[in-house]
Visitor: 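Structure incoming, see below.
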Amino acid sequence: MDLLLPRSTGSSQMVSHCSVIQMDIANNSVNSSKTSVVPRCTFGVLLLNLGGPETLEDVQPFLFNLFADPDIIRLPRLFRFLQKPLAQFISVARAPKSKEGYASIGGGSPLRKITDEQAEALRKALCEKNIPANVYVGMRYWHPFTEEAIEQIKKDGITKLVVLPLYPQFSISTSGSSLRLLESIFREDEYLANMQHTVIPSWYQRDGYIKAMGDLIQKELEKFDQPKEVRIFFSAHGVPLAYVEEAGDPYKAEMEECIDLIMEELEKRKLTNPYTLAYQSRVGPVEWLKPYTDETIIELGQSGVKSLLAVPISFVSEHIETLEEIDVEYKELALNSGIEKWGRVPALGCQPTFISDLADAVIESLPYVGAMAVSNIEARQSLVPLGSVEELLAAYDSQRRELPTPVTFWEWGWTKSAETWNGRAAMLAVVVLLFLEVTTGEGFLHQWGVLPISR
Ligand SMILES: C=CC1=C(C)c2cc3[nH]c(cc4nc(cc5[nH]c(cc1n2)c(C)c5CCC(=O)O)C(CCC(=O)O)=C4C)c(C)c3C=C
Ligand SMILES: [Fe+2]
Ligand SMILES: [Fe+2]
């Protein structure tokens with residue numbers, strides 16, 4: 001891939017903004033800020049995120065990058081050679097519909113701006129906690145790409161790195177995909193192979209995150225005339241069911257535990273509202289995690305629920321699926337289904353409790369990147385399992401191997417025995433399926449939103 005100008009939200013000169021104590025973690029030495037020499041900051045935090053198109057022209061190439069990812073569309077081994085042509089085909093065909101969505105939220109995704117703001121807020125929070133660090137943003141499918149962030153990390157001479165995916169819950173399709181990319185970059189680069197690093201794979205169970213979610217929910221509940229009557233409606237981004245049932249994706253389990261923790265937090269505040277968890281944004285021909293958000297909203301409306309507070313739960317910034325799908329589509333569906341009062345909890349963004357907790361998560365992981373405990377950094381037991389990119393993926397892949405069924409996420413209308421077909425028969429099948437799709441008006445292309453679907 002051609003890399004554009006590297007861009008990082010952290011830079012060496014930012015370190016000088018940090019007051020009180022400057023610590024060169026690489027040398028394990030602490031210096032008073034009174035000295036005029038500020039040591040070079042060799043400690044970095046890499047925030048991983050999805051990325052989003054910044055203009056309408058970016059939409060199709062962004063979709064191509066997304067669908068070309070084998071962690072998003074996982075084809076049977078025999079058909080892997082079709083990954084890029086398929087990504088090209090689906091992205092071109094889906095782009096007009098996606099563009100409409102992005103046009104309705106101002107012509108592009110706000111993800112880069114918000115993630116940059118979060119990176120800056122995290123850098124400041126770390127500084128306030130006496131840990132000067134450069135904070136970098138690496139996106140999976142759009143600028144600044146992970147590769148660009150890594151280039152900057154090398155240029156800045158970072159020797160110790162904490163990798164922090166900005167997804168509270170782990171999924172193969174999000175954090176997993178970004179870590180797999182990092183692993184391949186690390187494997188091929190001597191500098192990176194020698195750089196100490198640790199990964200915080202998920203952090204949905206952290207106190208600060210749970211409290212911050214509790215604060216946001218409580219504040220929105222108070223806006224209703226009768227807060228106690230409101231049903232809290234957690235809408236998580238979906239993943240195909242096979243990810244969880246066949247590939248061992250911990251996403252569903254982590255999501256359910258996360259919701260339990262948030263509800264316990266609300267209970268401590270004497271808020272005992274009824275609640276529901278559903279999964280939104282399904283794409284493609286296979287079954288996704290259920291219950292689906294749209295179907296659940298209709299059922300709740302029909303069962304007499306009058307007030308609903310939507311809580312986007314799998315992401316920490318506003319994006320197309322909060323601003324368009326929830327705020328426009330699901331709200332309209334709710335109001336047409338008998339729900340009279342609708343509210344929506346904003347995404348966390350730079351909420352101070354949340355950012356401060358992310359900084360704590362980074363600090364707790366420091367002993368794992370080789371930084372010696374200094375007086376103000378206790379070598380505490382980390383709240384989340386940590387490990388290097390390689391260790392985490394190896395552990396994860398061995399779990400996968402122990403699973404009884406071979407994993408095929410996308411069956412494309414035929415069965416797993418397709419793996420045994422020879423290439424010619426497979427190509428013939430593709431042609432036949434495309435023909436049937438076009439002639440019958442039903443099939444996977446319609447379900448992917450590539451061809452118009454009649455509902
Ligand atoms: C935890 C969050 C997310 C999971 C899990 C996830 C899985 C997943 N997504 C797709 C397909 C698409 N995702 C798209 C955009 C998009 N996805 C997430 C988050 C998760 N995706 C976000 C935050 C965004 C929006 C980014 C932005 O620009 O604001 C899109 C593009 C938008 C569209 O055309 O609808 C697609 C397509 C799959 C297939 C998948 C799991 C396999
Ligand atoms: Fe997505
Ligand atoms: Fe999505």
Side-chain angles (χ1 to χ4, degrees), residues 48-56 58-75 83 86-87 90-115 139-143 165-178 201-204 234-244 246-247 249-252 254-255 258 279-289 293 312-329 347-349 407 409-410 444 447-450:
L48 299 175
N49 210 340
L50 186 116
E54 288 170 82
T55 66
L56 295 184
D58 296 342
V59 171
Q60 185 273 322
F62 160 78
L63 289 174
F64 172 83
N65 291 343
L66 186 125
F67 291 121
D69 178 359
D71 281 314
I72 287 284
I73 297 186
R74 183 158 292 232
L75 295 171
Q83 187 94 37
L86 196 62
I90 298 178
S91 63
V92 168
R94 191 182 167 89
K97 188 177 166 231
S98 285
K99 276 186 188 176
E100 271 177 36
Y102 284 105
S104 76
I105 62 162
S109 171
L111 218 51
R112 180 178 190 161
K113 182 173 170 283
I114 299 170
T115 312
M139 301 290 198
R140 183 66 182 87
Y141 306 118
W142 205 246
H143 300 278
L166 275 182
Y167 307 95
Q169 307 84 10
F170 182 95
S171 167
I172 299 167
S173 59
T174 54
S175 310
S177 164
S178 278
S202 64
W203 36 269
Y204 64 91
F234 293 99
S235 188
H237 199 294
V239 293
L241 190 63
Y243 281 51
V244 173
E246 293 175 29
D249 196 335
Y251 182 71
K252 180 172 183 275
E254 293 194 0
M255 187 60 72
C258 177
Y279 294 90
Q280 69 176 75
S281 317
R282 64 185 187 277
V283 215
V286 293
E287 196 179 349
W288 283 50
L289 284 181
T293 292
I313 189 70
S314 23
F315 222 65
V316 294
S317 28
E318 299 295 344
H319 57 282
I320 191 165
E321 286 156 354
T322 56
L323 300 170
E324 205 275 325
E325 207 167 337
I326 298 185
D327 287 354
V328 181
E329 290 178 37
L348 280 165
V407 175
F409 298 126
W410 304 91
F444 73 86
Q447 285 160 317
W448 274 99
V450 168

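In each ligand, atom 1 is the first atom listed, and ligand 1 is the first ligand listed.
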Visitor: Quick one: OG on Ser317 to CG on Leu323, what's the gap to the nearest 0.5 Å?
Guide: 10.0 Å

Visitor: If you compare all heavy atoms of Tyr141 against all heavy atoms of Ile72, which two are closest, and at what distance to 0.1 Å?
Guide: OH-CG1, 3.3 Å

Visitor: Output the distance between atom OG1 (Thr174) and atom CG (Leu48), rounded to the nearest 0.5 Å.
Guide: 10.0 Å

Visitor: With backbone taken as N, CA, C and O and side chain as the heavy atoms from C-beta onward, which portion of Leu66 lies under 4.0 Å from ligand 1: side chain, backbone, both, or neither?
Guide: side chain

Visitor: Between Thr174 and ligand 1, which residue portion shows a heavy-atom distance shorter than 4.0 Å: side chain, backbone, both, or neither?
Guide: side chain

Visitor: For Gly101, is the nearest heavy atom under 4.0 Å from an atom of ligand 1?
Guide: no

Visitor: If you round to the nearest 0.5 Å, how far is CD of Gln60 from NZ of Lys99?
Guide: 8.0 Å

Visitor: Fit a plane to each ring of Tyr102 and Phe62, take the angle between them on a 0 to 90° scale, and name the class: parallel (under 30°), tilted (30 to 60°) or perpendicular (over 60°).
Guide: perpendicular

Visitor: May I ask which of Ser109, Ser177, Ser175, Ala347 has a heavy atom nearer to atom 29 (O) of ligand 1 than the others do?
Guide: Ser109

Visitor: Counting from 1, what ligand 1 atoms have a heavy atom of Tyr243 closer than 4.0 Å?
Guide: 42 (C)

Visitor: Have a look at ligand 1 and work out which part of Lys97, if any, has a heavy atom under 4.0 Å from it: side chain, backbone, both or neither.
Guide: neither

Visitor: Does any N or O of ligand 1 fall below 3.5 Å from an N or O anywhere on Ser98, backbone included?
Guide: yes

Visitor: Any atoms of ligand 1 less than 4.0 Å from a non-hydrogen atom of Phe67? List them with their elements.
Guide: 37 (C)

Visitor: To which of Arg112, Gln169, His237 does the heavy atom nearest atom 8 (C) of ligand 1 belong?
Guide: His237

Visitor: Looking only at heavy atoms, what is the nearest atom pair of Ser171 and Tyr251, with distance?
Guide: CB-CD1, 3.6 Å

Visitor: Would you say the side chain of Pro312 lies within less than 4.5 Å of the side chain of Ser235, judging by non-hydrogen atoms?
Guide: no

Visitor: Below a 4.0 angstrom heavy-atom separation, can you tell me which part of Leu63, side chain or backbone, both or neither, approaches ligand 1?
Guide: side chain

Visitor: In ligand 1, which numbered atoms sit nearer than 4.0 Å to a non-hydrogen atom of Ser314?
Guide: 1 (C)

Visitor: Consider every N or O of Arg94 and every N or O of ligand 1, then say whether any pair is closer than 3.5 Å.
Guide: yes

Visitor: Heavy-atom contacts under 4.0 Å between Ile320 and ligand 1: side chain, backbone, both, or neither?
Guide: both

Visitor: Suppose I only count heavy atoms of Val239 and a 4.0 Å limit; which atoms of ligand 1 are within that range?
Guide: 5 (C)

Visitor: Would you compute the distance between atom CG of Asp249 and atom CD1 of Ile172 and round it to the nearest 0.5 angstrom?
Guide: 4.0 Å

Visitor: Considering only heavy atoms, does Pro240 approach ligand 1 within less than 4.0 Å through its side chain, its backbone, both, or neither?
Guide: side chain

Visitor: Say you draw a straight line from CD of Glu321 to CZ of Phe315; how long is it, rounded to the nearest 0.5 Å?
Guide: 8.5 Å

Visitor: Can you tell which part of Ser173 has a heavy atom less than 4.0 Å from ligand 1: side chain, backbone, both or neither?
Guide: side chain

Visitor: If you measure from each non-hydrogen atom of Trp142 to ligand 1, which part falls under 4.0 Å: side chain, backbone, both or neither?
Guide: neither

Visitor: As an exercise, identify every atom of ligand 1 less than 4.0 angstrom from a heavy atom of Pro53.
Guide: 28 (O)

Visitor: Go through ligand 1 atom by atom and flag the ones less than 4.0 Å from a non-hydrogen atom of Gly52.
Guide: 28 (O)

Visitor: Grab the two heavy atoms, one from Ser175 and one from Pro165, that are nearest each other, plus how far apart they are.
Guide: OG-CB, 3.6 Å

Visitor: Looking at ligand 1, is there an atom of it that comes within less than 4.0 Å of some heavy atom belonging to Trp288?
Guide: yes

Visitor: Please name all residues satisfying side-chain hydrogen bond (donor to acceptor under 3.5 Å, both in side chains) with Glu318, sequence neighbours left out, ordered by chain then number.
Guide: Thr322, Arg344

Visitor: Would Gln169 and Ser202 count as having a side-chain donor-acceptor pair, cut-off 3.5 Å?
Guide: no

